[in-house]
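See structure below.
Starting from 1, each residue takes its place in the sequence as its number.
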Amino acid sequence: MRETALFILLAGIITTARADSKDGCLALNFGHGSVVCVCNATYCDSLGRTVLPDAGQFLSYVSNKAGSRLMESQGQFQKNSTGAALRITLNPSQKFQHIKGFGGAMTDAAAINILSLSSGAQDQLLRQYFSTDGIEYRFVRVPVASCDFSTRLYTYADTPEDYDLQNFTLAKEDVHMKIPLLQRAQALSAQPLYLFASAWSAPAWLKTNGALIGKGSLKGKPGGKEHKTWAQYYIRFLEEYRKYNLSFWGLTSGNEPTAGEMTNYSFQALGFTPETQRDWIALDLGPALHSSSFSKTQLMILDDNRLMLPHWAKVVLSDIKAARYVHGIGVHWYFDRLVPPDVTLTSTHHLYPDYFLFATEACAGWSPVDRGVRLGSWDRAEDYAHDIIQDLNNYVTGWTDWNLALNQDGGPNWVKNFVDSPIIVDPSKDIFYKQPTFYSMAHFSKFLWEESQRVGVSFSQQTSLEMSAFIRPDASAVLIILNRSEEEVPFEVWDQTVGFLPGSAPPHSILTLLWNRQ
Ligand SMILES: *[C@@H]1O[C@H](CO)[C@@H](O)[C@H](O)[C@H]1NC(C)=O
Ligand SMILES: *[C@@H]1O[C@H](CO)[C@@H](O)[C@H](O)[C@H]1NC(C)=O
Ligand SMILES: *[C@@H]1O[C@H](CO)[C@@H](O)[C@H](O)[C@H]1NC(C)=O
Ligand SMILES: *[C@@H]1O[C@H](CO)[C@@H](O)[C@H](O)[C@H]1NC(C)=O
Ligand SMILES: *[C@@H]1O[C@H](CO)[C@@H](O)[C@H](O)[C@H]1NC(C)=O
Ligand SMILES: CC(=O)N[C@H]1CO[C@H](CO)[C@@H](O)[C@@H]1O
């Protein structure tokens, strides 16, 4: 009797209904496919600290269109196959890239929105992203001066002809908003945050078009005084932030250089071709960083749509004088559908395996046909998970979301380039909404620690499930599965060291499975 009961217990998946527990999602449905979770100064759903299950057990976390949010269950590995038609075999001997981490951007807009809440709600929001109770972001992209998600146009050196940057000063947006929030985020994080800087435009007086917006590049040629000043501007930025105890892990060579090069952009941009970026790095930025106290700062080129690869990387990295200063390649997700990821990402990895690939910007609600905030959209959660899995399966080492928080219009944005964000604030009620995309990020950011290594998976039959598998530094395994269809069919995972994991991917779901292999 006892053995039968035990067997039933072990074979089944024991569900702890987190949605109904005290830390569950307070769901609100705005009619866009799924729900948002409402948080205020004193209440927010959270997973808390995840603890590795005992040997032979696994943990499963599911979020789905039906409204589950990181719902935790525990189950037991079995010695025998479950008989499921789909067997997913973990192949740990097939090793790929190591993970750096996940995060979002502290834009002026994000800072304005976070600070529009009461201090209690601000703390709650920051904890959601950065603490071990939350989703444990490691990376924060920090715009260098203004971008479209600002309420005004400025740089830190708007005094004309100030080639020595004597009047370089951080803006009030840095000193009173972004810096204090970054310090608070750092204090909430169990680990040092990895900040990286991206500039949208150089000061107008350094540029061919004399404006921060539109089509324009630096005056003169790489090696010339404008290019030298623009390199020093980055150094000055790093110095100023260091005075506030904020040190940067990395920087990019500038946001979306193709925007300022090829189009009459409606907001801040600075054009580079791959050739001018190469020469500016070789002659100006690289030497400036190298001779500064920031020589270890990770320099990422491109910081633009991945469809520019591998061409952009070939031009910059085949030049030894530029390549020696570069560490990685930053990619954005816009237009990802136009070119397959193996053509852009994997081919670049194989050409330049010593340079890491890193996703530096993505957001939902940017397309003219599907614009702005959509509270509770599950499609957008799937878009995130699909793109992250695709990137990870093509050698990308981390993924950075765009604005950490926006208002209900998807701003503020001085050119009304409104988009969506995983957190939408409503200061009139002193609450914020965690969108389905917040949970997409969570399924990766909370579980894939730094130095987790992607490993192989194989299938017993054709499947349209999308997935990516990892071994973490503590030797535990993480498997993340996305099911974008309406159906549910059981599967099993076979891990030679522990046995068979009985599983099932619900319709329209994101699933993270975690187990101990020792
Ligand atoms: C926050 O939300 C919880 C749960 O709905 C509620 O009990 C509490 O009163 C709210 N707190 C404030 C300050 O509104
Ligand atoms: C496992 O499989 C073996 C061999 O097929 C069988 O003898 C045994 O009864 C099975 N055990 C369970 C618990 O089903
Ligand atoms: C720039 O700095 C110089 C010297 O520090 C100072 O005299 C001047 O007033 C500043 N100009 C502006 C526009 O801030
Ligand atoms: C800066 O950080 C160091 C070490 O983390 C700490 O000792 C120091 O007090 C901090 N300084 C400020 C101004 O926050
Ligand atoms: C560029 O766009 C601005 C408006 O954003 C417009 O005023 C200007 O005429 C445009 N320039 C060209 C060359 O098309
Ligand atoms: C699109 C997709 O991934 N669909 C799959 C969802 O999961 C079920 C169960 O494994 C499969 O049958 C679907 O093909």
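Residues V493 and L479 form a side-chain contact, since some pair of their non-hydrogen atoms from C-beta on lies under 4.5 Å apart. A heavy-atom distance below 4.5 Å is found between the side chains of P257 and Q277.
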Exercise for the section: Take N394 and T346, measure what side chain to side chain donor-acceptor pair (under 3.5 Å) needs, and give me the verdict at the end. Expected result: CA-CA 5 Å; N394 288 278; T346 290; 2.6 Å; yes
Practice task
With side chain to side chain donor-acceptor pair (under 3.5 Å) as the test, would you mind laying out the steps for S63 and H443 before giving the verdict?
Solution key: CA-CA 8 Å; S63 301; H443 276 275; 2.7 Å; yes
Problem - Audit row: R484, E382, salt bridge (Lys or Arg N to Asp or Glu O under 4.0 Å) steps and yes/no - result: CA-CA 7 Å; R484 292 198 285 168; E382 291 186 355; 5.2 Å; no
Practice task
Please step through salt bridge (Lys or Arg N to Asp or Glu O under 4.0 Å) for the pair D45 and K434, ending with a clear verdict.
Solution key: CA-CA 9 Å; D45 57 294; K434 292 197 296 178; 3.2 Å; yes
Exercise for the section: Please step through side chain to side chain donor-acceptor pair (under 3.5 Å) for the pair S428 and D426, ending with a clear verdict. Expected result: CA-CA 5 Å; S428 73; D426 182 352; 2.6 Å; yes
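Shown here are the side-chain contact (heavy atoms from CB on, under 4.5 Å) partners of D123, two or more places apart in sequence or in another chain: R127, R184. Not counting sequence neighbours, Y154 has no partner by the ring pair (Phe, Tyr, Trp, His ring centres under 6.0 Å) test. Remark: Y241 engages D174 in a side chain to side chain donor-acceptor pair (under 3.5 Å) (not counting sequence neighbours). Every side-chain contact (heavy atoms from CB on, under 4.5 Å) that T273 has, sequence neighbours left out, goes to E261, E275, T276. With sequence neighbours excluded, the residues satisfying ring pair (Phe, Tyr, Trp, His ring centres under 6.0 Å) with F30 are Y433. When the side-chain contact (heavy atoms from CB on, under 4.5 Å) test is applied to A477, the partners found at least two apart in sequence or on another chain are L90, I471, W515, R517. T155 is linked by a side chain to side chain donor-acceptor pair (under 3.5 Å) to D158, counting only residues two or more places apart in sequence or in another chain. Considering only residues two or more places apart in sequence or on other chains, Y439 meets the ring pair (Phe, Tyr, Trp, His ring centres under 6.0 Å) condition with none of them. With sequence neighbours excluded, the residues forming a side chain to side chain donor-acceptor pair (under 3.5 Å) with Y384 are D401, listed by chain and number. Residues forming a side-chain contact (heavy atoms from CB on, under 4.5 Å) with R337 (at least two apart in sequence, or on another chain): D383. For D336, the side chain to side chain donor-acceptor pair (under 3.5 Å) partners at least two apart in sequence or on another chain are R306.
Checked by atom type and distance alone, the side chain of T263 pairs as donor or acceptor with a backbone atom of A259 at under 3.5 Å. Looking only at distances, no side-chain donor or acceptor of D303 sits under 3.5 Å from a matching main-chain atom of E256. Of the possible donor and acceptor atoms, none in the side chain of S509 sits under 3.5 Å from a partner among the backbone N and O of L511. K207 contributes a side-chain N or O that, together with a main-chain N or O of A211, makes up a donor-acceptor pair within less than 3.5 Å. Not one N or O on the side chain of R49 forms a donor-acceptor pair closer than 3.5 Å with the backbone of T132. A side-chain donor-acceptor contact under 3.5 Å links T397 to the backbone of L357. A donor-acceptor contact shorter than 3.5 Å links the side chain of S440 to the backbone of A381. Under the 3.5 Å distance criterion, the side-chain polar atoms of S421 are left unmatched by any main-chain donor or acceptor of I424. Within the 3.5 Å criterion, the main-chain N or O of F418 finds no donor-acceptor partner in the side chain of N413. Side chain of T107 to main chain of N403: no donor-acceptor pair is present (N/O by atom type, distance under 3.5 Å, no hydrogens or angles).
The closest side-chain donor-acceptor pair between S146 and R152, if any, does not fall under 3.5 angstrom. Judged purely by distance below 3.5 Å, without hydrogens or angles, the side chains of S118 and D430 pair a donor atom with an acceptor atom. Judged purely by distance below 3.5 Å, without hydrogens or angles, the side chains of Y43 and Q124 never pair a donor atom with an acceptor atom. A donor atom on one side chain and an acceptor atom on the other are not found under 3.5 Å apart for S377 and H32. Of the N and O atoms on the side chains of H508 and S485, not one donor lies less than 3.5 Å from an acceptor on the other residue. No hydrogens or angles considered: a donor-acceptor pair under 3.5 Å links the side chains of W414 and Q268.
Nearest heavy-atom pair, R380 versus V373, reported as atom, atom and distance to 0.1 Å: NH1-C, 3.9 Å. P412 and N407 make their closest contact through N-ND2, 3.7 Å (heavy atoms, listed as atom of the first residue, atom of the second, distance). Across all non-hydrogen atoms, the minimal contact from A121 to L117 is CB-CB, 3.8 Å. For P473 against W449, the heavy-atom pair with the smallest separation is CD-CE3, 4.0 Å. Nearest approach of S198 to T252, heavy atoms of both residues: OG-OG1, 3.1 Å.
The line from OG of S504 to CD of E492 is 12.5 Å long, rounded to the nearest 0.5 Å. To the nearest 0.5 Å, the span separating OG1 on T297 from NE2 on H327 amounts to 8.0 Å. Expressed to the nearest 0.5 Å, how far CH2 of W249 lies from CG of L195 amounts to 10.5 Å. Expressed to the nearest 0.5 Å, how far CG of L125 lies from CG of L188 amounts to 10.5 Å.
Two rings, from F447 and F470, have their centers 6.0 Å or more apart. In this structure, F444 has its ring center no closer than 6.0 Å to that of W399. Less than 6.0 angstrom separates the ring centroid of W402 from the ring centroid of F149.
Using a 4.0 Å cut-off between a side-chain N of Lys or Arg and a carboxylate O of Asp or Glu, D409 and K416 do not qualify as a salt bridge. A salt bridge does not link R472 with E451: none of the charged nitrogens is closer than 4.0 Å to a carboxylate oxygen. Looking at K446 and E136, a side-chain N of the basic residue comes within less than 4.0 Å of a carboxylate O on the acidic one, giving a salt bridge. A salt bridge does not link R374 with D420: none of the charged nitrogens is closer than 4.0 Å to a carboxylate oxygen.
C44 does not pair with C37 as a disulfide, the SG atoms being 2.5 Å or more apart.
For R454 and Y395, the positive end sits near the middle of the six-membered ring, less than 6.0 Å away and at most 45° from its axis. Cation-pi geometry between R138 and Y194 is met: the NZ or CZ atom falls under 6.0 Å from the ring centre, inside 45° of the normal.
Put simply, the residue from Y129, F358, F102 that forms a ring-ring contact (aromatic ring centres under 6.0 Å, His included) with F139 is F358.
Sorted by first and then second residue, the salt bridge (charged side-chain N to carboxylate O under 4.0 Å, His left out) pairs involving residues 99-122 (not counting sequence neighbours) are D108-K178.
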